[in-house]
Amino acid sequence: MRFEPTLQRATMLRRYKRFLVDVHLSNGTRDTIHCANTGAMSGCVYPGLPVYFSISDNPNRKLRGSLELIQTPEDHLVCVNTSQANRIVKEALIANTVDELSNDEFRSEVRIPDEAGRFDFGNDGVFVEVKNVTYLRDDVGVFPDAKSVRATKHVNALRRCVQRGQRAVLLFCVAHTGIDRVAIADDIDPAYDAAVRDAIAAGVEVLAYRCEITPRILVLDRSVPFLGSSSTVV
């Protein structure tokens, strides 16, 4: 996907109430923009970091700006707008750039078979749940960056799909240019780690694909290794 128009640059001042970020604009003024991210955004939220934001032309929005990218002290770019992950993956599925899921057609927001809730993508025989990875810790990208009951629920639902004879895939969308391998943060959410291990044992496939990120484009680029639990990574 392309950012149209090109994102605007500012400097982060603070994040608060989860969905609000104060920024210092290039013209010297201060503004508040929306942050579409319910997570902790660990490793990304420091006053003084450069950020990039989009502007909405919707006149009904209270905050016209939306935080899209953060530039880390190491000059990596991180897409912290979690709503972009499914858009990126959808484009990649249509373009058949996810090798393990190519030559198949997917619908968005499909119902979980025989259960309440929805998976991000699916068809009559394959279900895909996408998780956004933005936390770089000790040279490894880890997920989640905070306990997530919802994420655990989804991976358990993927496991039950496999047990019913269907194909299920957990896809980590790595939205951080400094991450080249992914692991589960078992110290942050041991319940999620256990659920992923049980899912893998049952036959759920785990994929990790990294994004190419610039202030102009955001695209799923290439696969990176999934390492399992972070406590076992050397």
Side-chain angles (χ1 to χ4, degrees), residues 11-19 21 35-52 67-86 88-89 120 129-156 158 169-200 204-214 218-234:
T11 301
M12 176 180 288
L13 297 176
R14 64 168 181 152
R15 180 199 186 194
Y16 56 106
K17 296 182 180 178
R18 286 206 295 182
F19 301 109
V21 173
C35 177
N37 192 316
T38 61
M41 288 170 55
S42 300
C44 300
V45 183
Y46 300 107
L49 288 181
V51 300
Y52 295 86
L67 180 64
E68 300 286 352
L69 311 178
I70 295 177
Q71 185 174 329
T72 71
E74 297 77 24
D75 288 334
H76 298 304
L77 286 175
V78 188
C79 180
V80 294
N81 183 346
T82 55
S83 68
Q84 299 289 18
N86 280 16
I88 303 164
V89 172
D120 292 314
E129 182 63 21
V130 177
K131 297 303 177 189
N132 199 48
V133 182
T134 60
Y135 186 15
L136 176 59
R137 185 181 69 177
D138 299 329
D139 297 323
V140 178
V142 296
F143 181 90
D145 64 357
K147 287 186 178 181
S148 177
V149 174
R150 183 172 181 271
T152 300
K153 175 185 174 182
H154 278 138
V155 78
N156 284 331
L158 290 172
V169 178
L170 176 61
L171 173 57
F172 290 110
C173 177
V174 181
H176 189 307
T177 59
I179 292 175
D180 56 14
R181 51 185 186 155
V182 174
I184 304 300
D186 50 336
D187 57 319
I188 294 175
D189 194 342
Y192 182 72
D193 177 66
V196 171
R197 285 189 280 108
D198 288 345
I200 293 172
V204 173
E205 301 166 50
V206 180
L207 308 176
Y209 270 74
R210 199 177 88 167
C211 296
E212 179 184 357
I213 306 171
T214 76
L218 191 57
V219 62
L220 212 62
D221 184 32
R222 61 182 176 86
S223 65
V224 295
F226 172 70
L227 306 178
S229 304
S230 62
S231 63
T232 64
V233 175
V234 179

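We count residues from 1, following the sequence as given.
Listed by chain and number, the residues in a salt bridge (Lys or Arg N to Asp or Glu O under 4.0 Å) with R14 are D22 (sequence neighbours excluded). P190 meets the side chain to side chain contact (heavy atoms under 4.5 Å, CB included) test with no other residue; sequence neighbours excluded. Partners of Y192 by side-chain hydrogen bond (donor to acceptor under 3.5 Å, both in side chains), not counting sequence neighbours: none found. Residues that satisfy the ring pair (Phe, Tyr, Trp, His ring centres under 6.0 Å) test with H176, not counting sequence neighbours, are H76. For T214, the side chain to side chain contact (heavy atoms under 4.5 Å, CB included) criterion is met by R216, I217, not counting sequence neighbours. By the salt bridge (Lys or Arg N to Asp or Glu O under 4.0 Å) test, D120 pairs with no residue at all, sequence neighbours left out. Residues forming a side chain to side chain contact (heavy atoms under 4.5 Å, CB included) with S231 (at least two apart in sequence, or on another chain): D186, S229. For R197, the salt bridge (Lys or Arg N to Asp or Glu O under 4.0 Å) test picks out D193, with sequence neighbours left out. Residues satisfying the side-chain hydrogen bond (donor to acceptor under 3.5 Å, both in side chains) test with D138, not counting sequence neighbours, are none. Not a single side-chain hydrogen bond (donor to acceptor under 3.5 Å, both in side chains) links S148 to another residue, sequence neighbours left out. Listed by chain and residue number, F143, F226 satisfy the ring pair (Phe, Tyr, Trp, His ring centres under 6.0 Å) test with F172 (two or more places apart in sequence, or in another chain). Residues that satisfy the salt bridge (Lys or Arg N to Asp or Glu O under 4.0 Å) test with D187, not counting sequence neighbours, are R137.
No donor-acceptor distance shorter than 3.5 angstrom exists from the side chain of N37 to the backbone of T82, with no hydrogens or angles considered. Within the 3.5 Å criterion, the main-chain N or O of I184 finds a donor-acceptor partner in the side chain of S230.
The distance from the CG atom of N81 to the CG atom of N132 is 9.0 Å, given to the nearest 0.5 Å. Atom CG of residue L220 and atom CD of residue E212 lie 11.0 Å apart, to the nearest 0.5 angstrom. For the atom pair SG (C79) and CD1 (I88), the distance works out to 5.5 Å, reported to the nearest 0.5 Å. In this structure, the separation between OG1 on T152 and CG on D189 is 4.5 Å, given to the nearest 0.5 Å. In this structure, E68 CD and C35 SG are separated by 10.0 Å, a value rounded to the nearest 0.5 Å.
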**OP:** I would like to know whether R18 and T38 meet side-chain contact (heavy atoms from CB on, under 4.5 Å); could you show each step before the answer?
**Re:** CA-CA 6 Å; R18 286 206 295 182; T38 61; 3.8 Å; yes
Original post:
Can you check side-chain contact (heavy atoms from CB on, under 4.5 Å) on M41 and L67, steps first, answer last?
Top reply: CA-CA 12 Å; M41 288 170 55; L67 180 64; 4.3 Å; yes
**OP:** Using the side-chain contact (heavy atoms from CB on, under 4.5 Å) rule, take K131 and V155 through it: C-alpha gap first, then chi angles, then the decisive distance, then the call.
**Re:** CA-CA 10 Å; K131 297 303 177 189; V155 78; over 6 Å; no
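Side-chain contact check for V224 versus I179: every heavy-atom pair is 4.5 Å or farther apart. Side chains of L170 and L158 form a contact here, defined as non-hydrogen atoms less than 4.5 Å apart.
A side-chain contact (heavy atoms from CB on, under 4.5 Å) with T72 is found for one member of L136, T177, V78 and no other, namely V78. For the side-chain contact (heavy atoms from CB on, under 4.5 Å) criterion with Y209, the lone passing option out of D221, V133, L171 is L171.
Pairing each heavy atom of L49 with each of C44, the nearest pair is CD1-O, 3.4 Å.
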